[in-house]
Amino acid sequence: MGTRRNILLDCDPGIDDAIALCLAAAHPEAFRLLGITTVAGNQTIEKVTENALRLSEFLGLHAPVARGARTPVIREPLTASGIHGKNGLGDVLFPRTTAEPVKESAVLFMRNRIMELPPKEKVTLVAIGPLTNVGLLLKACPEVRERILEIVVMGGASTGGNVTSNAEFNIYEDPEGAAMVFLSGLPLVMCGLDVTEKCGLDREDMELLLQRGGRVSEKIGKMLQFYLDSPGYRSKKAASIHDAVTFMYLLHPEIFQGEKMYVQVDCSRGISRGATVCDRRSGAPGQELPVLVLLDADTEKFREYLLEGIFSLDEKKEL
Ligand code: RIB
Ligand code: CA
């Protein structure tokens, strides 16, 4: 087992965000979750923040939650209720919680948690929603840069898209926020559609989760049912659990393949808005290409490790 990572998670829960949180909750030996920040994306900031609060408690994470950006840096917000439902979690209800978001906004919360770390410690940022908060953090608080080990992003694609033929949702939603991250020069791992569309769960997995009837697996099974029946997946064999690829990469890098590239975000307003242009050509002499773009995964291993993580939560008593 590697060393335990300090994690800050920025998310827009979101069905696949919720499943990603299951992986974090199932592996406290690998992740010390310093906090969760929310960003408008799959649903409004109010809904995704309420979802993060409920999931943090339900999964036994008990991590502080800080509310983030209500809209992208410049663009109008889009939601994805067709895929994630009116409440953002496939209209599956999680137990209410008395927990409230912390007083600090997401950017300040991330900055303060990072700067409070002991001098030798660093943080891994995991970003699985639009990159508004993370982009603003890197621009507004340059003092955090040297404390960031790497940034693992679910977003983008070297080819293709799921909002348009050229753009993936998290990048399309906030191209300017994404550009601030991809141009930061910090070590990035891009978990784009190239790899996330090979990392899914299917109807058999859904039945497994529902029949097991565990406290966590039943909820995940019900969300998966909504997700598989949604317009994006009803004609496909499996539904991509995009966001879980980030934590899965940190847990099992050996099941993934990728290439170092230079990635630029198209911030135009035309048909290529939000495209992540991936350039394999080597950078300037001596300058390492900043982005590891994941391109392939062992689909079966992903599925096995993910289900193992979810099932393990059913056994946990102290949730
Ligand atoms: O394109 C998939 C991404 O957009 C995922 O993060 C999903 O949760 C949505 O936010
Ligand atoms: Ca997400």
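Note: hydrogens, waters and symmetry copies are ignored here, and every other heavy atom, side chains too, is used. We count ligands from 1, going down the list as the structure has it; atoms in each ligand are counted the same way. Numbers for residues simply follow the sequence, beginning at 1.
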Practice task
Taking both backbone and side-chain atoms into account, decide whether Asp16 has an N/O/S atom under 3.0 Å from the Ca ion (ligand 2).
Solution key: no
Completion exercise
For Phe169, the ligand 1 atoms with a heavy-atom partner under 4.0 Å come out as 1 (O), 4 (O), 9 (C), 10 (O)
Problem - Proximal ligand 1 atoms for His242, defined as those under 4.0 Å from one of its heavy atoms - result: 2 (C)
Practice task
Give a yes or no on whether Glu146 atom CD has more than 12 heavy-atom contacts from other residues, nucleotides or ligands under 6.0 Å away.
Solution key: no
Exercise for the section: Please determine if Asn162 has a nitrogen or oxygen closer than 3.5 Å to a nitrogen or oxygen of ligand 1. Expected result: yes
Handout entry: Met154 N/O under 3.5 Å from ligand 1 N/O
Key = no
Exercise for the section: Verify the distance criterion only: is there a donor paired with an acceptor across the side chains of Asp266 and Ser272 at less than 3.5 Å? Expected result: yes
Exercise for the section: Please identify each residue that fulfils ring-ring contact (aromatic ring centres under 6.0 Å, His included) with Phe256, with sequence neighbours left out. Expected result: none
How close does the nearest protein non-hydrogen atom get to [atom], and which residue and atom is it?
| atom | answer |
| --- | --- |
| atom 2 (C) of ligand 1 | Glu168 OE2, 3.3 Å |
| atom 9 (C) of ligand 1 | Asn42 OD1, 3.2 Å |
| atom 6 (O) of ligand 1 | Asp243 OD1, 2.6 Å |

Problem - Any donor-acceptor pair under 3.5 Å from Asn42 side chain to Ala80 backbone - result: no
Handout entry: Best match, Asp16, Thr246, Asp12: closest heavy atom to atom 5 (C) of ligand 1
Key = Asp16
Problem - Over-ring placement of Lys198 relative to Phe302, 6.0 Å and 45° cut-offs - result: no
Exercise for the section: Using only N, O or S atoms, tell me which atom of Asp12 is closest to the Ca ion (ligand 2). Expected result: OD1
Using a strict 4.0 Å threshold on nitrogen-to-oxygen distance, state whether [X] and [Y] make a salt bridge.
| X | Y | result |
| --- | --- | --- |
| Glu173 | Arg75 | no |
| Glu207 | Arg212 | no |
| Asp229 | Arg203 | yes |

Handout entry: Three-point angle Asp243:OD2, the Ca ion (ligand 2), Ile128:O, rounded to the nearest 10°
Key = 90°
